[in-house]
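None of these values were measured; they are calculated from a predicted model. Counting starts at 1 for both ligands and their atoms, following the listed order.
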Amino acid sequence: MHTQPPVSHFPTDISATITASWQRRVDAAPDAPCITYFDRTLSAADVDDLSCALAAALIDRGVRAGDRVAVSLQNIPHFPIAMLAIWRVGGIVVPLNPMYRARELNTALSSSGAVGLFCAPEAVGIVTEAAPGADLAWVLTADDRQFQQENDPRVFPPRTSDPAATVTGERPFVLGEMANDLEHFAGERPSPVPRKASDIAMLSYTSGTTGPAKGAQTTHRSVLLVAFHFIDWGGLNADDRILALAPLFHITGSVIIGIGTLLSPGCLVFLNRPRPDVALEAFTRHRVTVAIAPITMYTALYELPHATREDFASVRQLFTGGAPVPPAKVAAFEERFGHYILNGYGLTESNAGIIGVGIGERAPVHEPTGTLSVGRTMAGISIRILDDDGTEVPPGAAGQLELSGEQLASGYWQEPEATAETFPEGRLLTGDVAIVDEDGWIFLIDRIKDQINSSGYKVWPREVEDVLYEHPAVREVAVVGEADDYRGEAVLAYVSLREGMSTTQEELIAFAHDRLAAYKSPRRVEFIDELPKTLTGKIKRRELRDRPAQA
Ligand code: AMP
């Protein structure tokens, strides 16, 4: 068991619930800037007032303690306002990826039993398609043009009509606008519904280490432990302006940004769905001190020909995580802009970052594999490296990374079998293969799980295969990740065709694209006569994954 040396101390100042911790932040400095969105900044008191008004609206819409409410939005002020309102009424937040198509959305809504959903007006059509079979009683649209006035056309393309109004047909839910609810209930401050630290705060949907999407359930305490570790680890203070380039609907965004930095005394900077050129400008415009971004965003910033060292002059620290970080990219970024990017590791089931590189430290590289270390454990997290039989391996040997600690999710929502498999006795089997050196540095060198990691977005091959099997020409299919310079991995489908049938790569990609979030559809399709199989007829996905690319 490795426990030393952790990169943080155990946070002592957490309040029992997220609502109580938020209240402490507001009371400490109500007028302090809390969220900047283009040309407007909301103070902590503004955000509090808005979330209280929305909480009153939620009560009026029938939301009760323990109800699940989904939030499917980009990085806009409405996201944390909705989260705070849901927690105030004792509800459970279900962040969902706004890129989901109807079938993915239906799975998450049905599984969570969400009673309400916040989404963009443009998403109402897909939500209407996804709603049958789910328990959605209401949907509130959040207009991303609210809370700013400059309407940068790069971010907000001109709109000729209300996108939600164009959706016709029967709706099994009541449709409303968040802005109207905020106005209608302005000034109301319903008392927070009492919750315990051990109550569930959030369900985060993930393909997990095995099988289809399921909701990792996490308590107020677990989430706060990770959030406050981040505040301590990053040394976040009242002078910080934290650029949120990781999406709030993913675990890093919801826990580290949506909760961690929101509870810190600093100010969050949101750019909606971030574009690299707009992000670059934001660094100087808002005098950003801290940024949290996937490595692909740092690469995109690096690729901007006009980016200079001066653009990053106000920066104190850059963080990344969620996907393999090539050491060469970190080195090139530092050489050009003078900032070293700190790596961190976590997964949905660990509530994001529980392993990381300390401020001022440099992650070592594992020479035999060229892998940059993801860091060392945060306080309270212990790890073991296990062989295939679940026995701990000797120091320096590779095996599955297993985590334990209070920060972890407590299991999957209403999935006892999947919970028992992935969380044996409350420990978490990550599906990642790691090596730990004698100083506690952890290197991820492979994956046992079949998950594909494309720009930090996780793709479960089975889901893509199931969709491609619906195409009439497809006989067999195996989906794997292939190396991609920008994304880390790209989705590749090996397909064999039914006799006498034909199709093209373009057609299959478009077919998947219509049915799955864009990042899940294959970038490439390779047709082969016969997929490799085991003696029992199981397709050897791993053999295909390790095959050299044909293209
Ligand atoms: P998710 O549940 O979407 O957060 O995905 C978690 C998975 O992302 C982990 O199990 C790892 O496979 C991968 N991952 C997370 N952080 C890193 C990192 N810093 N380097 C390499 N892979 C990572």
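- Side-chain contact check for Y205 and S111: at least one donor-acceptor pair (N or O, by modelled atom type) lies under 3.5 Å.
- For ligand 1, the polar-atom distance check against Q451 finds no nitrogen or oxygen pair separated by under 3.5 Å.
- Close N/O approach between L444 and ligand 1 is not found [any backbone or side-chain N/O within under 3.5 Å].
- For I435, the side-chain contact (heavy atoms from CB on, under 4.5 Å) test picks out H366, A398, I445, with sequence neighbours left out.
- Qualifying side chain to side chain donor-acceptor pair (under 3.5 Å) partners for R362, counting only residues two or more places apart in sequence or in other chains: E334.
- The nearest non-hydrogen atom to atom 12 (O) of ligand 1, considering only D432, L428, T371, comes from D432.
- Close N/O approach between G456 and ligand 1 is not found [any backbone or side-chain N/O within under 3.5 Å].
- On a distance-only criterion, K458 and ligand 1 share at least one N/O pair closer than 3.5 Å.
- Using a 4.0 Å cut-off between heavy atoms, A352 makes no contact with ligand 1 at all.
- Note on D446 versus R545: salt bridge recorded, some NZ/NE/NH1/NH2 to OD/OE distance being below 4.0 Å.
- Contact check on D450 versus R541 returns a salt bridge, with a Lys/Arg side-chain nitrogen under 4.0 Å from an Asp/Glu carboxylate oxygen.
- Side-chain atoms of S222 and N351 include no donor-acceptor pair closer than 3.5 Å.
- Between H250 and ligand 1, at least one pair of N/O atoms sits closer than 3.5 Å.
- Between G346 and ligand 1 there is a heavy-atom distance shorter than 4.0 Å.
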